[in-house]
Amino acid sequence: MKSPGTKRPLPLVVLASLGSLVFLALPGSGFFREAKVSGTVYYVDSRGGDDANAGTSSDAAWKTPEKVNATTFHPGDKIMLRSSSVWRGQLWPKGSGTEGHPIRVDMYGGGVKPVINGDGLFEDTVLLKNQEYWEIANLEITNTGAQRAVRRGVHIALENYGEAHHIYLRSLTIHDVNGVDDVKPNGGIHYTSTSEHKASRFVDLRIENNEIYHVDRSGIFGWSDAWVRSKWHPSLGVIVRGNRLHDIGGDGIVVVATDGALVEDNVVGHANQRSEGYNVAIWAWSADNTVIQHNEAYGTKGQRDGEGFDSDWNSRNTVIQYNYSHDNDGGFLLICNEGGHDAAESAGNTGTVVRYNISQNDRTRGINIAGPVKDSAIYNNTIYVGPEQAVNLLLLSDWHGWSQDTHLYNNIFYVTGKGQFSYGISRAEDGAYETAPGFGQSKQNVFDANSYFGVKPPAEDAHALAHDPKLIGPGSGEHGGASLSGYRLRADSPARKAGRLIENNGGRGNAVPSCKETDRGAAQSDDCAARN
């Protein structure tokens, strides 16, 4: 694709330390003084500031981002932007912090976020490039130009840098970025790394509690040219948490070239609104050991791909758990592997675990497993199909190969419309499948202890429950996980204590490890005594 800051010289000699105080000898002097352990605070005010000021007090603030951009900051420094200030241009402060002493950007003087409007004049409204130990919070950011072009609200970029540590982006409001559709990493918040001459990656990157809306193409997207397995160099400690995204042109949240990424407590509504490409609300690609949990995805448009969640190719051991997916055109879940790559390029898709999720009124497809995906475990999920819907509950399809060793245990398929277990015969340009009942050329599909209401169970499920599992209020979910109590099992439900025991099941509360029994479906009973 898709220079470290200079250190402040310190001509002093360290003589001794005591607790948190460090005593230094001044050259040519017999006196001691306490070292400065915190950085400088700089203030910027679009209305009352002046770039000729020192900038080190709110009464003598700087005025423009240009003054900030021309300054190299040092560990522990703070850049404080006055509340309700508005600027036109780019914010790219220079320098890097150090461990324990990051450089911070934040607001002061009120509760209205300062605005930085890129106005289409810059590719990135807020940029850090080959920098580390930064925390940026509480800004409003836009970037709209007269014509679409590659544009971003925030871009954290590495080019042949090595490891960049501790970059936190928090409580930002990013909106109205008219990027292009043919480049995925443009739109809202994007982190990218290139390693042509020096392997580069992020370590301890956090993107938390941001609001992103009306951006194109992607909301939060990571990219690295080290995604290929022959030069695999994944970012570590990547956390995407608590973000709220809506009206996104293409993909919502995507982690790429990571190991151990955590994507949790996010809400992505109405993704894939303006893209001609293939997009999903929340997914991982070329990523190992990703955990995607406690998220909500809804209103994703279209069938290219159009799902709420996705474990994509060149990924191993993805866990998708405790999520809520509803009203997505392309369905609840995609697990896929593009089978046209060799081992030097791709690890395929192996070991995906999907558990304790609720899908309500996701359209056309429940779970789509495309290509030579291996060793997927799909258990204790609840999929509800409303009376107006016709859904392929499990759709197996060819993508240069077919899946094998797919295990489905303890799921509840609750159909009040139409549903079937099927395979893809062909796929139209708009992403819609022509399907037929059965499993196609996929192999070793294992069904056990699933519940089927309103749909014929597969013959392979020896312990199928083929009548009403007696959910408290199926189909009653609204927005937010707190609305899902209707998916609990009634006290007289035949799905209670009727599930298959699964080791290392990730259960919470009084699930399998303490009750030594498991319910079918996503909601596990809490009262062990009542289950005996």
Side-chain angles (χ1 to χ4, degrees), residues 38-95 97 101-122 124-128 131 133-144 152-156 166-177 188-189 206-215 219-220 241-247 265-267:
S38 61
T40 303
V41 181
Y42 296 90
Y43 297 85
V44 192
D45 182 346
S46 69
R47 295 184 300 276
D50 188 325
D51 286 347
N53 289 337
T56 52
S57 73
S58 58
D59 294 331
W62 293 337
K63 184 178 182 65
T64 70
E66 287 76 16
K67 180 67 173 179
V68 177
N69 298 344
T71 303
T72 298
F73 296 92
H74 302 282
D77 286 351
K78 296 179 181 178
I79 306 164
M80 306 300 290
L81 308 184
R82 187 176 181 88
S83 171
S84 75
S85 286
V86 178
W87 292 279
R88 182 173 181 259
Q90 181 185 62
L91 179 66
W92 181 9
K94 308 306 189 293
H101 300 284
I103 302 170
R104 294 183 172 93
V105 179
D106 210 327
M107 70 173 181
Y108 75 99
V112 178
K113 292 178 181 178
V115 177
I116 305 174
N117 180 5
D119 209 23
L121 301 173
F122 298 89
D124 308 301
T125 300
V126 175
L127 174 65
L128 295 177
Q131 295 164 264
Y133 295 104
W134 280 83
E135 298 180 4
I136 301 177
N138 294 310
L139 308 180
E140 182 177 346
I141 299 162
T142 71
N143 198 0
T144 299
R152 306 172 188 89
V154 177
H155 187 192
I156 311 301
H166 189 100
I167 298 176
Y168 294 178
L169 306 175
R170 290 170 163 160
S171 300
L172 305 174
T173 301
I174 301 171
H175 61 95
D176 294 293
V177 180
I189 294 175
R206 300 189 186 185
I207 302 172
E208 298 177 313
N209 302 319
N210 304 288
E211 182 181 16
I212 302 173
Y213 61 92
H214 196 62
V215 301
I220 298 172
R241 174 193 288 138
N243 302 283
R244 300 294 181 264
L245 287 76
H246 52 102
D247 188 17
D265 297 322
N266 303 284
V267 177

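Here the structure is a predicted model, which means the values were calculated and not measured.
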With the side chain counted from C-beta on, respond yes when N209 and R170 share a heavy-atom pair under 4.5 Å apart, and no when they do not. no
Run the numbers on L169 and I189 for side-chain contact (heavy atoms from CB on, under 4.5 Å), then give the verdict. CA-CA 9 Å; L169 306 175; I189 294 175; 3.7 Å; yes
Test your reading of the model: is there a side-chain donor-acceptor pair from T173 to the backbone of E140, 3.5 Å cut-off? no
Less than 4.0 angstrom from a charged side-chain N to a carboxylate O is my criterion; do R82 and D45 meet it? yes
How many angstroms lie between NE2 in H74 and OG1 in T40, if you round to the nearest 0.5 Å? 8.0 Å
Would you check if S83 and Y108 make a side-chain contact, meaning some heavy-atom pair closer than 4.5 Å? no
In plain terms, say whether R244 and E211 are close enough for a salt bridge, that is, a side-chain N and a carboxylate O under 4.0 Å apart. no
When rounded to the nearest 0.5 Å, the distance separating OG of S84 from CZ of R47 is 3.5 Å
Quick check for you: to the nearest 0.5 Å, what is the distance between I103 atom CD1 and Q131 atom CD? 7.5 Å
Should D106 and L81 count as side-chain neighbours, where that means a heavy-atom distance under 4.5 Å? no
Ignoring hydrogens, what is the shortest heavy-atom contact between S58 and Y43? Give both atom names and the distance. N-CD1, 3.6 Å
Is the distance between the ring centroids of Y168 and W134 under 6.0 Å? no
Take the angle between the ring planes of F73 and Y42 and call it parallel below 30°, perpendicular above 60°, tilted in between. perpendicular
Side-chain heavy-atom pair I220, L245 within 4.5 angstrom cut-off: yes
H246 vs Y213 aromatic rings, parallel, tilted or perpendicular, using cut-offs 30° and 60°? parallel
Any side-chain heavy atom of L127 sitting closer than 4.5 Å to one from Q90? yes
Passes side-chain hydrogen bond (donor to acceptor under 3.5 Å, both in side chains), T142 versus N117? Steps please. CA-CA 5 Å; T142 71; N117 180 5; 2.8 Å; yes
Less than 4.0 Å between a side-chain N and a carboxylate O, is that true for R88 and D119? yes
Worked check of side-chain contact (heavy atoms from CB on, under 4.5 Å) between N69 and L91: CA-CA 6 Å; N69 298 344; L91 179 66; 4.0 Å; yes
Could you give the distance from CG (L128) to NZ (K94), rounded to the nearest 0.5 Å? 10.0 Å
Salt-bridge present (D265, R241; N to O < 4.0 Å): no
For residues T125 and V154, determine if any side-chain heavy atom of one lies less than 4.5 Å from a side-chain heavy atom of the other. no
Treating D176 as the side-chain partner and T144 as the backbone partner, does any N or O pair qualify as donor plus acceptor under 3.5 Å? no
Side-chain H-bond candidate by donor/acceptor type, W92 with E66, under 3.5 Å: no
Drop me the distance from I116's CD1 to I141's CD1, to the nearest 0.5 angstrom. 6.0 Å
